[in-house]
Amino acid sequence: MPCGQLPPPTQEQGKDVGFRQFSHLFKQMIHEAVTIDKELAGKFGLALTDMVCITFLADTDAPVNAKMLAEHVNLSTGATTALIDRLEREGFVVRRPNPADRRSVIIVLVEDRVNPLLANFEKLRYRLKRAHDGLSQDEVLAVTRFMQNLLADD
């Protein structure tokens with residue numbers, strides 16, 4: 001059994017033990033994801049917030065303005081402007097006129113600059129896809145519902 005992994009609880013151990021294991025595995029998963037992001041950010045001379053910004057832009061099909069970015073990375077507008085300025089200086093993003101609103105700009109990734117960084121996520125994407133593909137459709141729906149419930153604001 002891999003280091004840090006707990007054996008599955010027996011039925012006699014009850015629901016509380018099952019929840020403890022569930023909670024432990026969830027925390028391990030988050031720790032692993034943050035560790036990967038931190039290591040990758042360091043490799044490219046970026047801060048963790050920079051990585052969050054870049055991956056958000058890469059995963060979003062719609063045009064993203066500074067306000068949307070601020071909400072996603074949970075920064076003030078001033079801090080978000082500094083973030084965008086830094087990423088623009090480093091060649092990761094550019095500001096472009098917003099086609100839907102000429103008074104604003106959208107933030108666009110510079111593909112040649114971000115593609116080497118994003119390629120590093122392939123191992124993680126493979127692991128995620130492998131885990132997804134090992135589930136039945138009902139299990140996928142249950143896990144999706146769990147994540148949506150977890151992320152829902154109360």
Side-chain angles (χ1 to χ4, degrees), residues 2-6 18-135 137 139-154:
C3 180
Q5 188 174 0
L6 300 174
F19 178 75
R20 282 197 302 263
Q21 180 188 18
F22 182 84
S23 177
H24 177 76
L25 289 171
F26 183 75
K27 289 175 186 174
Q28 276 185 289
M29 186 181 65
I30 290 173
H31 176 74
E32 178 79 6
V34 170
T35 299
I36 289 168
D37 280 357
K38 281 182 180 178
E39 289 174 358
L40 190 53
K43 180 177 175 180
F44 284 86
L46 299 169
L48 190 54
T49 305
D50 300 344
M51 287 293 300
V52 172
C53 174
I54 289 170
T55 56
F56 173 68
L57 290 168
D59 291 339
T60 304
D61 293 327
V64 175
N65 61 31
K67 182 180 180 202
M68 293 165 64
L69 198 53
E71 289 170 357
H72 181 76
V73 295
N74 198 26
L75 293 174
S76 68
T77 54
T80 301
T81 298
L83 167 67
I84 296 167
D85 288 346
R86 182 173 61 253
L87 290 175
E88 191 170 40
R89 232 182 358 264
E90 296 294 322
F92 288 99
V93 301
V94 292
R95 290 174 169 100
R96 296 263 154 80
N98 186 342
D101 179 359
R102 63 188 176 112
R103 298 168 295 166
S104 70
V105 297
I106 57 173
I107 314 307
V108 179
L109 290 173
V110 177
E111 289 192 27
D112 289 346
R113 183 72 166 117
V114 298
N115 283 346
L117 183 150
L118 295 175
N120 283 270
F121 283 108
E122 286 308 308
K123 182 178 177 185
L124 180 60
R125 288 183 197 277
Y126 170 78
R127 288 169 61 187
L128 184 60
K129 179 80 169 113
R130 186 182 64 212
H132 172 272
D133 291 350
L135 300 174
Q137 186 62 29
E139 290 170 326
V140 169
L141 293 172
V143 171
T144 301
R145 188 174 59 250
F146 160 76
M147 289 188 287
Q148 289 170 334
N149 288 339
L150 192 62
L151 295 171
D153 285 337
D154 285 337

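When atom types are taken as modelled, the side chain of D50 and the backbone of A47 share a donor-acceptor pair closer than 3.5 angstrom. In terms of modelled atom types and a separation under 3.5 Å, the side chain of T55 and the main chain of V52 share a donor-acceptor contact.
Rounding to the nearest 0.5 Å places CG of L83 at 11.0 Å from CD of E88. Within the model, atoms CD of E71 and CG of N65 stand 8.0 Å from one another, a figure rounded to the nearest 0.5 Å. To the nearest 0.5 Å, atom NE2 of residue H132 and atom CZ of residue R125 are 14.0 Å apart. Summarising the geometry, atom CG belonging to N120 is positioned 9.5 Å from atom CD belonging to E122; distances are rounded to the nearest 0.5 Å. Distance check, rounded to the nearest 0.5 Å: CG of D112 to CZ of F92 gives 12.0 Å. Remark: L46 CG to L87 CG distance equals 6.5 Å, nearest 0.5 Å.
For the pair T80 and A70, the tightest heavy-atom approach, listed with the atom from each and the gap, is OG1-CB, 3.2 Å. Nearest heavy-atom pair, L118 versus A58, reported as atom, atom and distance to 0.1 Å: CD1-CB, 3.7 Å. I107 approaches A66 most closely through the heavy-atom pair CG1-N, 4.4 Å. Heavy-atom minimum distance, I106 versus P99: CD1-CD, 4.2 Å. Closest heavy-atom contact between V94 and V110: CG1-CG2, 3.7 Å. Closest non-hydrogen pair, A41 versus M51, comes out as CB-CG, 3.3 Å.
Residues F146 and F22 place their aromatic rings such that the two centres sit under 6.0 Å apart.
Under a 4.0 Å N-O distance rule, the pair K129/D133 qualifies as a salt bridge. Between E32 and K27 there is no salt bridge, since none of the side-chain N atoms of the basic residue sits less than 4.0 Å from a carboxylate O of the acidic one.
Looking only at side-chain heavy atoms (C-beta outward), I84 and R95 come within less than 4.5 Å of each other. The shortest distance between side-chain heavy atoms of D101 and N98 falls below 4.5 Å. F56 places a side-chain heavy atom less than 4.5 Å from the side chain of V64.
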